[in-house]
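Read the numbers this way: they start at 1 and go in the same order the structure lists the ligands and their atoms.
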Amino acid sequence: MQLAQASTALRPAATQQRNLAAARVQQRAAGALRSLEVLGVPVAARRACRPAAAGRPSSMAVVAVAAEAAKPTILVAEKLGKGGVDMLKEVGTVDCSYDMTKEELLAKISLCDAIVIRSATKVTREVFEASKGRLKVVGRAGVGIDNVDLAAASEVGCLVVNAPTANTVAAAEHGIALLCALARNVSQADAAMKDGRWERNKWVGVSMVGKTLAIMGFGKVGSEVARRAKGLGMTVVAYDPYASAEKAAALGVTIVSMDEALSRGDFFSLHMPLTPNTKGMFGDDAFAKMKKGARIVNVARGGVIDDDALVSALDAGVVAGAALDVYEVEPPPADNPLVGRPDVICTPHLGASTKEAQEEVAYEIAEAVISALKGELTPSCVNAPMVAPEVLKELQPYTTLADGLGRAAVQLVEDSGFADVFITYHSPRGDDLDTRLLRAMVVKGILEQITTSQVNLVNADLLAKKRGLRIVETVVPSDGDAVLREIEVAVGAGKSKFSSAVAPSGRITVAGTVKADNPFLTRIGNFDVDLALEGEVVMVRQTDQPGIIAGVSTEFAKNGINISFMSVAREARGTQAIMAIGVDETPSAEVVDAIHKIPGVQEVTTFSEKRAA
Ligand SMILES: NC(=O)C1=CN([C@@H]2O[C@H](COP(=O)(O)OP(=O)(O)OC[C@H]3O[C@@H](n4cnc5c(N)ncnc54)[C@H](O)[C@@H]3O)[C@@H](O)[C@H]2O)C=CC1
Ligand SMILES: O=C(O)C(=O)COP(=O)(O)O
């Protein structure tokens, strides 16, 4: 009765948690417009609603349309908890197609903006190629991302997000379950009884209390296993080259070298990810260093153990038994040398498979996928640099500026091209300024003018490198309360369309700042200007003499072009001057020509802060 009451009492709390998760998602949705601008991560709908021939709509416009018309298509390729699927349905068209063949996946993927997978689906380079640029988010409903080609994802600017925390306890509990089963031959004894045999002497086990458990990989799962093993009275040591000894000590765990772990462990529990470094980590060499009669549990990934080496170690009695949840190939082929052995107990990759964990994983991944589709940098993005939310918030207005300056600089380049981009940040933070986001936005501004690639924080550096751009960043310490006083973007181009944009350094140079959250152009070449960095900009170089401003504005007025901002700067009275004019409508070639013909005007150029077509 009491238990029933307790569980009823708990239910509203769980519901509340769901509501909170939904509210979080809604809150994020509200911030989506801004985030899109920040990262330039195109929402799925961006492609869907992009007009075929017309100029590319701004991200803002796209989102507005997106919300109305084109919902992203989200392919759920493996079983996902209903709560998560429902969350995804609120923002997109969800296609739950489980157990697809590779060919079916390849055929479907170009219709999908996001895919949600578990460990069985391999998202290979071939899959990204088949998606033809449409796939923007891979959501791994779990931890291990060894089944996703991260390099290929990054190259195409696809965000990969995972659910790093929701199945930690489930995996740890399964590790402990296998540890106990291994020590006490639970599986073998159970199989014998079901086979009609009562074998009390055959299945005598070993005790765990007082024994040493060596945890290999002391991350989230490893430390939860440690906590539980301490409760069983075991001595716990851990090998993890990246773990904090203090954190381990707080749990009563000693961090040791790999060799020490190998020589001390009576039991081993593996919890490192599968990476090129950990692949085959438990091979002949490692087994040779173990105590005779050690037992090993693998709830991490099959590939970290070399199967043949384990077979030899079992045959030699170095390893007394193994418990495996994961396999190099899943499901393991019939000729797998380990599965059929009586000294090996096996489960079919069940570590994360509890009802509770799967419900939570589904919410965690749905939230991450939705936020990634909206262009937000989710904390669980595994192929983009982590930018803390507070940094993101602080830098947001400057990201628009950085994007705009990159866009302006590249449009001032005369045909010859360029390879060097110099970005100078004037900031009171000095070297503490996190410039990754700003650099990505400058690169995005530049590349979006000259390529059709979608550029975002994930692939900006990579695409810049591929285009042979060399980005040189300098942070100049400055005064002031704002995080940044000015950003300057200079490109080492041979020639500019607007000669006054070339600074004494010989580089096309533009600089800007943020005023009241809006980006402003403050310098072109060697001229100080003051112009909102938005829409169309007309640059005019003239002799400093009366009447030119009137002539230029008359020309705009005649053609129904509204001036939004104007800034005039000169070297000295009666010498060279420039006008930077923000206009609401794009001036035609005829208007530009007419301005050029005004006596005293030497050159005219335009650039656009709108996205390139
Ligand atoms: N069987 C199952 O269903 C599940 C399996 N897993 C597996 O468990 C692994 C661990 O998961 P978490 O603890 O959540 O990840 P985590 O990232 O929190 O921990 C991994 C730890 O491994 C350490 N590590 C990396 N390279 C190492 C090396 N060469 N030697 C020793 N340690 C190394 C890292 O420093 C980190 O502390 C995952 O990568 C996943 O493959 C996770 C959940 C469920
Ligand atoms: O989260 C992990 O890394 C797991 O191994 C769990 O895999 P699964 O989602 O159960 O296929």
Side-chain angles (χ1 to χ4, degrees), residues 76-81 84 98-99 116-123 139-148 150 160-178 214-227 237-245 247-248 251 253 255-262 265 268-283 286 297-305 323-328 330-331 346-362 364-365 368 380 382 386:
V76 179
E78 290 181 65
K79 184 93 180 87
L80 188 71
Y98 306 148
D99 302 322
V116 178
I117 54 162
R118 287 178 60 184
S119 58
T121 308
K122 312 282 175 237
V123 189
R140 170 25 174 144
V143 183
I145 28 89
D146 44 284
N147 49 330
V148 181
L150 289 184
V160 181
V161 293
N162 70 350
T165 59
N167 67 22
T168 301
V169 166
E173 286 177 349
H174 198 61
I176 293 289
L178 290 182
I215 293 187
M216 312 301 279
F218 194 69
K220 294 184 294 295
V221 180
S223 40
E224 287 303 324
V225 168
R227 215 187 281 277
V237 298
Y239 166 66
D240 186 327
Y242 316 106
S244 131
K247 196 185 129 212
L251 290 176
V253 175
I255 298 283
V256 296
S257 68
M258 168 112 174
D259 279 358
E260 187 175 346
L262 290 173
F268 290 84
S269 196
L270 312 191
H271 301 291
M272 69 289 273
L274 177 63
T275 65
N277 278 344
T278 60
K279 190 165 167 46
M281 190 171 154
F282 274 77
V297 175
N298 188 6
V299 187
R301 281 295 178 267
V304 300
I305 295 182
L324 309 176
D325 184 47
V326 284
Y327 310 87
E328 191 157 9
E330 293 186 357
C346 298
T347 50
H349 201 150
L350 289 181
S353 295
T354 63
K355 208 169 150 294
E356 295 83 351
Q358 282 312 307
E359 275 175 18
E360 280 312 311
V361 162
E364 195 177 6
I365 200 60
S380 69
V382 294
M386 266 292 296

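- Distance check: Asp325 CG to Leu178 CG gives 6.0 Å after rounding to the nearest 0.5 Å.
- Note: Tyr98 OH to Thr121 OG1 = 11.0 Å, rounded to the nearest 0.5 Å.
- The shortest N or O to N or O distance between Gly144 and ligand 2 is below 3.5 Å.
- Residue Glu330 does not touch ligand 2, judged by heavy-atom distances below 4.0 Å.
- Every atom of ligand 2 is numbered from 1 in the order shown, and the set under 4.0 Å from a heavy atom of His349 is 4 (C), 5 (O), 6 (C), 7 (O).
- When side chains are defined from C-beta on, Val299 does not count as touching Val221, because their heavy atoms never get closer than 4.5 Å.
- Between the side chain of Glu330 and the backbone N or O of His349 there is no donor-acceptor pair closer than 3.5 Å.
- Atoms of ligand 2 lying under 4.0 Å from any heavy atom of Ala141, numbered from 1 in the order shown and given with element: 9 (O).
- For Arg118, a nitrogen or oxygen atom sits less than 3.5 Å from a nitrogen or oxygen atom of ligand 2, counting backbone and side chain alike.
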Show which side-chain atoms of residues 161-171 pair as donor or acceptor with protein atoms under 3.5 Å away, not counting sequence neighbours.
{"unit_1": "Asn162", "atom_1": "ND2", "unit_2": "Val143", "atom_2": "O", "d": "3.0"}
{"unit_1": "Thr165", "atom_1": "OG1", "unit_2": "Glu364", "atom_2": "OE1", "d": "3.3"}
{"unit_1": "Thr165", "atom_1": "OG1", "unit_2": "Glu364", "atom_2": "OE2", "d": "2.8"}
{"unit_1": "Thr168", "atom_1": "OG1", "unit_2": "Thr165", "atom_2": "O", "d": "3.1"}

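- Close approach of ligand 2 to Gly142 is summarised as follows: ligand atoms under 4.0 Å from at least one heavy atom of the residue are 1 (O).
- Taking every non-hydrogen atom of Arg301 and a distance limit under 4.0 Å, the qualifying atoms of ligand 2 come out as 2 (C), 3 (O), 4 (C), 5 (O).
- Residue contacts with ligand 2 do not include Gly351, since none of its heavy atoms lies under 4.0 Å from the ligand.
- Residues Asp259 and Tyr239 form no side-chain contact, since every pair of their non-hydrogen atoms from C-beta on lies 4.5 Å or further apart.
- Remark: Glu224 does not engage Lys220 in a salt bridge, criterion side-chain N to carboxylate O under 4.0 Å.
- Neither the backbone nor the side chain of Glu78 comes within 4.0 Å of ligand 2, counting heavy atoms alone.
- Counting only N and O atoms by type, the side chains of Asn147 and Ser119 include no donor and acceptor under 3.5 Å apart.
- In this structure, the side chains of Val225 and Ile176 come closer than 4.5 Å at one or more pairs of heavy atoms.
- The protein heavy atom nearest to atom 11 (O) of ligand 2 is Ser119 OG, 2.5 Å.
- A distance limit of 4.0 angstrom between heavy atoms and ligand 1 selects the residues Val143, Asn167, Ala171, Gly217, Phe218, Gly219, Lys220, Val221, Tyr239, Asp240, Pro241, Tyr242, His271, Met272, Pro273, Thr278, Met281, Val299, Ala300, Arg301, Asp325, Val326, His349, Gly351, Ala352.
- Interatomic distance, CE of Met258 versus CD of Glu260, reported as 13.0 Å (0.5 Å rounding).
- With a 4.0 Å cut-off on non-hydrogen atoms, Val361 does not touch ligand 2 at all.
- Checked against a 3.5 angstrom limit, the closest N/O atoms of Arg140 and ligand 2 fall inside it.
- Atom 1 (O) of ligand 2 has Val143 N, 2.6 Å as its closest protein atom, hydrogens excluded (heavy atom only).
- Contacts of Ala352 with ligand 2, taken as heavy-atom pairs under 4.0 Å, involve the side chain alone.
- Here Ala171 has no heavy atoms under 4.0 Å from ligand 2, in either its backbone or its side chain.
- Taking a cutoff of 4.0 Å between a charged side-chain nitrogen and a carboxylate oxygen, Glu328 and Lys279 qualify as a salt bridge.
- Side chain of Asp146 to backbone of Leu274: no donor-acceptor contact under 3.5 angstrom is found.
- Under the 4.5 Å side-chain criterion, counting only non-hydrogen atoms from C-beta, Ile305 is not in contact with Phe268.
- Looking at Thr278, its side chain does come within 3.5 Å of a backbone N or O of Pro273 through a donor-acceptor pair.
- Heavy-atom proximity to Asn167, at under 4.0 Å, picks out these atoms of ligand 2: 1 (O), 2 (C).
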